[in-house]
Amino acid sequence: MTTQITKGIKISVITSFEGTFFKNYKMHFAFGYTITIENQSKDSVQLTSRHWRIYDSLNDLEILNGEGVIGKKPVLRPGQSHTYSSGCLLTSTIGAMKGHYNMVNLNNSEKFRVQIPNFKFSAPFVLN
């Protein structure tokens, strides 16, 4: 598990290898990740958007931006957490992701970024 805390918001990430398949005559490697966002601060916050940097050891960097996470913009009161699962496809057996969430403090309307720690993907048959 990989974790990081920014401004009282703890991000924890667990990754998994989901398998291989062919798409457009190329082998792809599917990886999953589960992220828990825990509000350890004294204020209520809302996640508004996300920014991802996806690294594939055989390809260029891919940058993704979007609203919320999996169609939701969760509100977290102090002590609450939100967990979701998602995934990505790589054309290699090794890669990584990192990024940030844009959030707003609902008590004072301050906007801030929460860093998502760098987490790595590797197919289990690659590393002995």
Side-chain angles (χ1 to χ4, degrees):
M1 178 182 306
T2 304
T3 63
Q4 184 166 344
I5 300 173
T6 306
K7 294 193 174 190
I9 308 301
K10 180 179 178 182
I11 307 297
S12 302
V13 185
I14 298 172
T15 62
S16 61
F17 175 67
E18 301 296 325
T20 61
F21 66 94
F22 280 94
K23 178 181 175 187
N24 299 331
Y25 304 103
K26 278 186 165 180
M27 176 71 83
H28 286 77
F29 301 88
F31 295 92
Y33 56 90
T34 299
I35 295 183
T36 299
I37 305 162
E38 182 183 347
N39 184 358
Q40 297 180 341
S41 77
K42 299 178 290 183
D43 298 324
S44 294
V45 299
Q46 182 174 23
L47 188 154
T48 58
S49 62
R50 68 191 183 283
H51 171 85
W52 286 114
R53 300 173 69 83
I54 303 169
Y55 302 91
D56 187 321
S57 66
L58 295 179
N59 284 328
D60 293 332
L61 167 70
E62 182 178 359
I63 296 176
L64 296 174
N65 292 294
E67 294 287 314
V69 289
I70 60 166
K72 297 179 181 176
K73 294 182 179 180
V75 171
L76 301 171
R77 288 178 174 65
Q80 289 186 325
S81 64
H82 177 78
T83 300
Y84 72 95
S85 296
S86 190
C88 74
L89 295 176
L90 302 179
T91 57
S92 69
T93 57
I94 297 173
M97 285 177 68
K98 69 177 180 178
H100 66 264
Y101 296 124
N102 291 309
M103 303 189 87
V104 62
N105 180 319
L106 298 177
N107 293 12
N108 61 18
S109 300
E110 174 193 345
K111 294 180 181 179
F112 63 101
R113 284 186 177 174
V114 172
Q115 296 302 314
I116 303 166
N118 184 56
F119 54 95
K120 298 176 182 171
F121 299 117
S122 63
F125 53 85
V126 174
L127 304 173
N128 286 342

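Looking at every heavy atom in both residues, Asp43 comes nearest to Asn39 through O-ND2, 2.8 Å. Closest heavy-atom contact between Gly95 and Leu90: CA-CD1, 3.7 Å. Nearest heavy-atom pair across Pro74 and Val69 is CD-CG2, 4.2 Å. The minimum heavy-atom distance between Asn107 and Asn105, with the atom names listed, is N-OD1, 2.7 Å.
Under the rule for a side chain to side chain contact (heavy atoms under 4.5 Å, CB included), the partners of Ser92 that lie at least two apart in sequence or sit in another chain are Asp56, Ser57, Leu58. Residues satisfying the ring pair (Phe, Tyr, Trp, His ring centres under 6.0 Å) criterion with Phe112, sequence neighbours excluded, are absent altogether. Applying the ring pair (Phe, Tyr, Trp, His ring centres under 6.0 Å) test to Tyr33 and every residue at least two apart in sequence or in another chain returns Trp52, Phe119. Residues satisfying the side chain to side chain contact (heavy atoms under 4.5 Å, CB included) criterion with Gln46, sequence neighbours excluded, are Lys73, Val75, Val104, Leu106. When the side chain to side chain contact (heavy atoms under 4.5 Å, CB included) test is applied to Lys10, the partners found at least two apart in sequence or on another chain are Thr3, Ile5, Ser12, Glu38, Gln40.
Residue Thr91 holds its OG1 atom at 12.0 Å from CG of Asn24, rounded to the nearest 0.5 Å. Note: Met1 CE to Thr34 OG1 = 9.5 Å, rounded to the nearest 0.5 Å. With values rounded to the nearest 0.5 angstrom, Ile70 atom CD1 is found 10.0 Å from Ile35 atom CD1. For the atom pair CD of Glu62 and CE of Met97, the computed distance is 9.0 Å after rounding to the nearest 0.5 Å. One distance of note links CG of Leu89 with OG1 of Thr20; it measures 11.5 Å at 0.5 Å rounding. Interatomic distance, CD1 of Ile9 versus CG of Leu47, reported as 9.5 Å (0.5 Å rounding).
Proximity of Pro78 to Ser41: side-chain heavy atoms (C-beta onward) are nowhere separated by under 4.5 Å. No side-chain heavy atom of Pro117 sits less than 4.5 Å from a side-chain heavy atom of Gln115. Residues Asn65 and Arg50 fail the side-chain proximity criterion, which asks for heavy atoms closer than 4.5 Å. Side-chain contact between Met27 and Phe22 is present, with at least one heavy-atom pair separated by less than 4.5 Å. In this structure the side chain of Arg53 reaches within 4.5 angstrom of the side chain of Ile63, judged on heavy atoms.
Listed by first and then second residue, the ring-ring contact (aromatic ring centres under 6.0 Å, His included) pairs that reach into residues 78-106 are His51-His100, sequence neighbours excluded.
A continuous path of hydrophobic side-chain contacts links Leu64 to Ile37 [ILVMFWY only; heavy atoms under 4.5 Å].
Defined by atom type and a distance below 3.5 Å, a donor-acceptor pair is missing between the side-chain atoms of Gln4 and Thr2.
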Run the numbers on Glu110 and Asn108 for side-chain contact (heavy atoms from CB on, under 4.5 Å), then give the verdict. CA-CA 6 Å; Glu110 174 193 345; Asn108 61 18; 3.1 Å; yes
So Thr93 and Phe17, side-chain contact (heavy atoms from CB on, under 4.5 Å) or not? Walk me through it. CA-CA 9 Å; Thr93 57; Phe17 175 67; over 6 Å; no
List the steps, then state whether side-chain contact (heavy atoms from CB on, under 4.5 Å) holds for Ile11 with Thr6. CA-CA 8 Å; Ile11 307 297; Thr6 306; over 6 Å; no
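Judged by distance alone, the side chain of Thr48 and the main-chain N or O of Asn102 form a donor-acceptor pair under 3.5 Å.
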